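Report on the following structure.
Throughout, residue positions are numbered sequentially from 1 according to the sequence presented. Please read these numbers as outputs of a predicted model, since none were measured by experiment.
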Amino acid sequence: MEKVKPKKHLGQHFLRDLRAAERIVETLSLHGGYKKVLEIGPGMGVLTQYLVKKTEYETYVIEIDTESVIYLKEHYPELDGKIIEGDFLKAETLTGFQTLSELESLAIIGNFPYNISSQIFFKVLEYKNQIMEVVCMLQKEVAQRIASKPGNKDYGILSVLLQAYYDIKYEFTVLPGAFNPPPKVDSGVISLRRNSVEKLDCDERKFVQVVKAGFNQRRKMLRN
């Protein structure tokens, strides 16, 4: 099969900088002792080619694009039985896939489509006790916001919610020329590593509601 053509409706920008791809994979620290890594949206496998060489963990991929799934099956025989065709956001449960049915903990890695990156992180929060680590690339502005500290003007909803459960670090920047087609903005790579917080000392549902309400109405008095 020839190379997969990027699809605008899926927000596909295929990374072609191999050094950047290798750096993203090397950022995985095996924090939390997981043995499985799930790559979201592998496309033609620019990250996958480095993941499958690792013997410390098993690599699984989930891909919504049928053309990409065909390409991966043809070019990565190491992934036999480990390619999940579907939408990560619509998956009922991370452990519901037959290939991942006995999964207890994992890491997630990927070049996240800009248009759904926030939704992916809300899904990560749903499975925070399973997902020990996340290494991902997304729009630089969003990456900086997630990693920003209290008091910074970029600090927002995802900053608060994710930092409650993860230690977050901005790793490095990737410029538009590293992609096909080039996006109109810079990209940023961040890492999230699960901290020791098992449960917050409050109603977690109300915590989420208050955080969202507060940041959605920044000019209001919080006590109101």
Side-chain angles (χ1 to χ4, degrees), residues 1-25 27-28 37-52 59-94 96-100 106-124 126-127 131 134-146 158 171-190:
M1 182 179 181
E2 295 295 323
K3 291 184 176 181
V4 178
K5 292 182 179 179
K7 298 170 183 63
K8 188 174 182 179
H9 73 280
L10 292 177
Q12 290 176 328
H13 294 274
F14 292 140
L15 180 64
R16 60 183 183 181
D17 184 332
L18 297 183
R19 178 63 193 124
E22 189 172 18
R23 283 184 70 187
I24 293 170
V25 171
T27 301
L28 283 171
V37 172
L38 177 65
E39 182 184 359
I40 298 175
M44 289 187 289
V46 67
L47 299 184
T48 317
Q49 63 185 314
Y50 298 108
L51 290 167
V52 295
T59 297
Y60 293 79
V61 301
I62 181 165
E63 175 59 68
I64 195 172
D65 179 24
T66 301
E67 191 179 1
S68 293
V69 169
I70 294 171
Y71 183 94
L72 291 165
K73 287 180 178 179
E74 289 182 358
H75 291 81
Y76 294 95
E78 306 97 323
L79 290 176
D80 183 36
K82 298 177 180 178
I83 298 175
I84 304 157
E85 185 171 2
D87 184 347
F88 176 75
L89 295 178
K90 293 180 180 178
E92 288 298 322
T93 167
L94 286 178
F97 301 115
Q98 185 177 358
T99 51
L100 300 176
L106 79 160
I108 283 178
I109 192 169
N111 175 17
F112 293 172
Y114 292 163
N115 57 337
I116 61 167
S117 59
S118 294
Q119 294 167 267
I120 291 174
F121 284 117
F122 282 114
K123 188 84 173 180
V124 166
E126 286 183 46
Y127 295 94
I131 300 171
V134 180
V135 173
C136 62
M137 180 161 55
L138 55 158
Q139 185 175 340
K140 183 179 179 180
E141 179 185 343
V142 178
Q144 289 177 323
R145 189 180 306 141
I146 290 172
L158 277 174
E171 299 286 350
F172 59 94
T173 300
V174 182
L175 299 178
F179 299 87
N180 175 40
K184 295 180 180 179
V185 295
D186 292 349
S187 300
V189 176
I190 57 172

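The structure places OH of Tyr60 at 12.0 Å from CD1 of Ile83, a figure rounded to the nearest 0.5 Å. Rounding to the nearest 0.5 Å gives a distance of 13.5 Å between NZ of Lys140 and CZ of Arg145. With rounding to the nearest 0.5 Å, the separation of OG1 in Thr27 from CE in Met137 is 10.5 Å. How far CG of Leu158 is from CZ of Phe122: 4.5 Å, rounded to the nearest 0.5 Å. Atoms CD1 and CD1, from Ile40 and Ile62 in turn, are 7.5 Å apart once rounded to the nearest 0.5 Å. From Ile116, atom CD1 reaches atom CG of Leu10 across 8.5 Å, with rounding to the nearest 0.5 Å.
Taking every heavy atom of both residues into account, Lys5 and Phe14 meet most closely at C-CE1, 4.1 Å. Listed here is the closest heavy atom pair of Asp17 and Ala20: OD1-N, 3.1 Å. Counting all heavy atoms, side chain and backbone alike, Leu72 lies closest to Pro42 at CD1-CG, 3.5 Å. When every heavy atom of Ile146 is checked against every heavy atom of Ile190, the shortest pair comes out as CG2-CD1, 3.9 Å. When every heavy atom of Leu89 is checked against every heavy atom of Asp87, the shortest pair comes out as N-OD1, 2.9 Å. Closest approach of Ile120 to Pro113, counting heavy atoms only: CD1-CD, 4.5 Å.
Looking only at atom types and distance, the side chain of Thr59 has no donor-acceptor partner in the side chain of Glu39 under 3.5 Å away.
For the pair Arg23 and Phe172, the distance from NZ or CZ to the six-membered ring centre is under 6.0 Å and the angle to the ring normal is within 45 degrees.
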Verdict with supporting geometry, Phe88 and Leu38, side-chain contact (heavy atoms from CB on, under 4.5 Å): CA-CA 10 Å; Phe88 176 75; Leu38 177 65; 4.2 Å; yes
side-chain contact (heavy atoms from CB on, under 4.5 Å) between Leu15 and Ile24, worked out: CA-CA 11 Å; Leu15 180 64; Ile24 293 170; 4.1 Å; yes
Leu79 vs Val61, side-chain contact (heavy atoms from CB on, under 4.5 Å): CA-CA, chis, key distance, verdict: CA-CA 8 Å; Leu79 290 176; Val61 301; 4.2 Å; yes
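Side-chain contact check for Cys136 versus Ile108: every heavy-atom pair is 4.5 Å or farther apart.
Of the possible donor and acceptor atoms, none in the side chain of Arg16 sits under 3.5 Å from a partner among the backbone N and O of Pro181. Between the Glu63 side chain and the Asp65 main chain, a donor and an acceptor come within less than 3.5 Å of each other. Counting only distance, with no hydrogens or angles, the side chain of Gln12 and the backbone of Lys7 share a donor-acceptor pair below 3.5 Å. Asn111 contributes no side-chain N or O that, together with a main-chain N or O of Leu47, makes up a donor-acceptor pair within less than 3.5 Å.
Qualifying side chain to side chain contact (heavy atoms under 4.5 Å, CB included) partners for Leu18, counting only residues two or more places apart in sequence or in other chains: Val46, Gln49, Tyr50. Taking the side chain to side chain contact (heavy atoms under 4.5 Å, CB included) definition, one finds that Ala107 meets it with Leu28, Tyr34, Val37, Glu133, sequence neighbours left out. With sequence neighbours left out, Glu78 forms a side chain to side chain contact (heavy atoms under 4.5 Å, CB included) with Val52, Tyr76. Legend: residues meeting salt bridge (Lys or Arg N to Asp or Glu O under 4.0 Å) with Glu22, ordered by chain and number and at least two apart, are Arg19. Remark: Lys73 engages no residue in a salt bridge (Lys or Arg N to Asp or Glu O under 4.0 Å) (not counting sequence neighbours).
Each side-chain hydrogen bond (donor to acceptor under 3.5 Å, both in side chains) pair with one or both residues in residues 112-121, not counting sequence neighbours, appears once here: Tyr114-Ser187.
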